[in-house]
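Chain letters run A, B, ... following the sequence lines, proteins first, then strands; residues in each count from 1. Computed from a predicted structure; not experimentally measured.
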There are 2 protein chains.
Amino acid sequence: MKFKIDNVSNYLKTNDIKPSYQRVKIFEYLIKHRNHPTVDMIYKELALEIPTLSKTTVYNTLKLFVEKNIVIVINIEDNETRYDADTSFHGHFKCRHCNEIYDFKVEMPFIKDLDGFEVNEYHFYLKGICKGCK
Amino acid sequence: MKFKIDNVSNYLKTNDIKPSYQRVKIFEYLIKHRNHPTVDMIYKELALEIPTLSKTTVYNTLKLFVEKNIVIVINIEDNETRYDADTSFHGHFKCRHCNEIYDFKVEMPFIKDLDGFEVNEYHFYLKGICKGCK
DNA sequence: GTATCTGCAAAACATTTGCAATTCT
DNA sequence: AGAATTGCAAATGTTTTGCAGATAC
């Protein structure tokens with residue numbers, strides 16, 4: 001995990017994001033849980049302490065975080081978009097039994113056939129059964 | 001590319017799929033175009049020669065192909081599911097300018113942290129700008 | 001006081017479901 | 001005829017959009 005953020009508000013400012021109450025809470029959720037949540041997971045939990053929170057705000061905020069490159073999108077499943085505040089290169093494994101997503105370290109592989117291409121994003125996804133579910 | 005299929009009907013039979021007219025046409029589309037299409041792309045083109053074709057059939061058929069392991073799902077983008085009849089391990093690069101998806105060869109990387117996990121699916125996705133769009 | 005941000009309601013899409021009609025053997 | 005397949009229409013679920021009210025500087 002690349003980060004150790006003790007002041008979320010400052011971290012957002014550093015990345016050109018005005019730290020509203022909702023934005024701070026949403027980012028805190030991401031770095032506290034590190035569970036690669038869906039919009040719905042974030043919304044359901046934060047709505048408990050922020051009763052006025054709307055899903056639109058969660059969508060808006062995550063979109064902003066992605067634009068500012070402090071959050072990446074995980075498209076490991078076709079019916080749910082997940083988010084990760086760890087933007088360093090690492091792989092994601094999804095267990096199709098417990099649906100948990102695990103991070104794993106992986107060396108950047110050597111890529112053929114893409115001479116002259118400009119690559120900005122790398123995603124390495126695995127699926128299977130995790131140790132605990134076997 | 002792993003395959004050289006000269007008789008789609010037999011290929012489907014070999015994989016335990018009854019070769020209906022629609023199924024053969026859809027699989028032929030996949031191996032002829034090799035453009036990692038969305039459901040909509042397949043539907044729009046095939047509807048020209050099969051006026052009665054429905055999108056539901058395209059969805060049903062692709063789902064069946066995926067279950068029978070002759071087609072894989074590509075989730076490189078969160079708002080569109082794409083399909084590929086080449087089930088061998090290879091990477092996918094999406095150009096965010098022309099939206100084209102390119103195949104590329106890549107060595108299977110060495111994975112740490114997943115001892116005891118059973119891995120069944122591997123997906124390696126890159127995004128950026130392709131040679132032609134630079 | 002002006003910009004921005006939030007959140008409701010509606011709209012837009014992609015995908016799935018239920019079921020009746022069609023096709024195949 | 002019986003079983004499987006197709007395709008329409010409706011339902012579902014997720015994400016986006018438009019806009020009005022709230023908040024921040």
*Expressed in angstrom and rounded to an integer, what is the separation of B:I50 atom CD1 from D:dC8 atom P?*
13 Å
_Assuming nearest nucleotide by heavy-atom distance, tell me which of B:Y43 and A:Y59 is located more 5' along DNA chain D._
B:Y43
*Describe the nucleic acid contact of B:Q22 in one word from base, sugar-phosphate, nothing, applying a heavy-atom distance below 4.0 Å.*
sugar-phosphate
*d(CG, B:L53; P, C:dT23) in whole Å*: 14 Å
*asked:* If you take the centroid of each ring, where Trp contributes its six-membered ring, are B:F117 and A:Y102 closer together than 6.0 Å?
replied: yes
*Please report, rounded to the nearest Å, how far the P atom of C:dG7 is from the OH atom of A:Y21.*
11 Å
*Within the structure shown, what part of the strands sits under 4.0 Å from A:T38 by heavy-atom distance: base, sugar-phosphate, or nothing?*
nothing
*Contact class for A:S20 (heavy atom, under 4.0 Å): base, sugar-phosphate, or nothing?*
sugar-phosphate
*Indicate yes or no: does B:K127 engage B:E77 in a salt bridge with an N to O separation below 4.0 Å.*
yes
*Taking atom C1' of D:dG7 as reference, at what distance in whole Å does atom NZ of B:K55 sit?*
14 Å
*If you check every side-chain atom of B:T61, which of D:dT15, C:dT6, D:dT6 has the closest atom?*
D:dT6
*Could you tell me whether the side chains of B:D40 and B:T38 share a donor-acceptor contact shorter than 3.5 Å?*
no
*Are any of B:T81's side-chain N or O atoms less than 4.0 Å away from OP1 or OP2 of C:dT15?*
yes
*Rounded to the nearest Å, what distance is computed from the CG atom of residue A:L62 to the P atom of nucleotide D:dT16?*
10 Å
_Do the side chains of A:R96 and B:E121 get close enough for a salt bridge, i.e. N-O under 4.0 angstrom?_
no
*Touch class at under 4.0 angstrom, heavy-atom based, for B:K18 against every strand present*: sugar-phosphate
*Would you say the side chain of B:S54 and the base of D:dC8 hold a donor-acceptor pair, judged only by whether the two atoms sit under 3.5 Å apart?*
no
*asked:* Without decimals, in angstroms, what is the distance between B:K63 NZ and C:dA14 P?
replied: 19 Å
_For B:F124 and A:F124, I'd like to know if the aromatic rings sit close, meaning centre-to-centre distance below 6.0 Å._
yes
*Would you classify D:dA3 as syn or anti? Syn applies when the glycosidic angle is within 90° of 0.*
anti
_Using whole Å, what does the distance between atom P of nucleotide C:dC5 and atom CD1 of A:I17 come to?_
10 Å
*In Watson-Crick or G-U wobble terms, both distances under 3.5 Å, what is the partner of D:dG7?*
C:dC19
*Can a donor-acceptor pair under 3.5 Å be found between the side-chain atoms of B:T56 and the base atoms of D:dC8?*
yes
*To the nearest angstrom, how far is A:E80 atom CD from C:dC13 atom P?*
23 Å
*Nearest to the side chain of A:T52, which nucleotide is it out of C:dC5, C:dG7, D:dT6?*
C:dG7
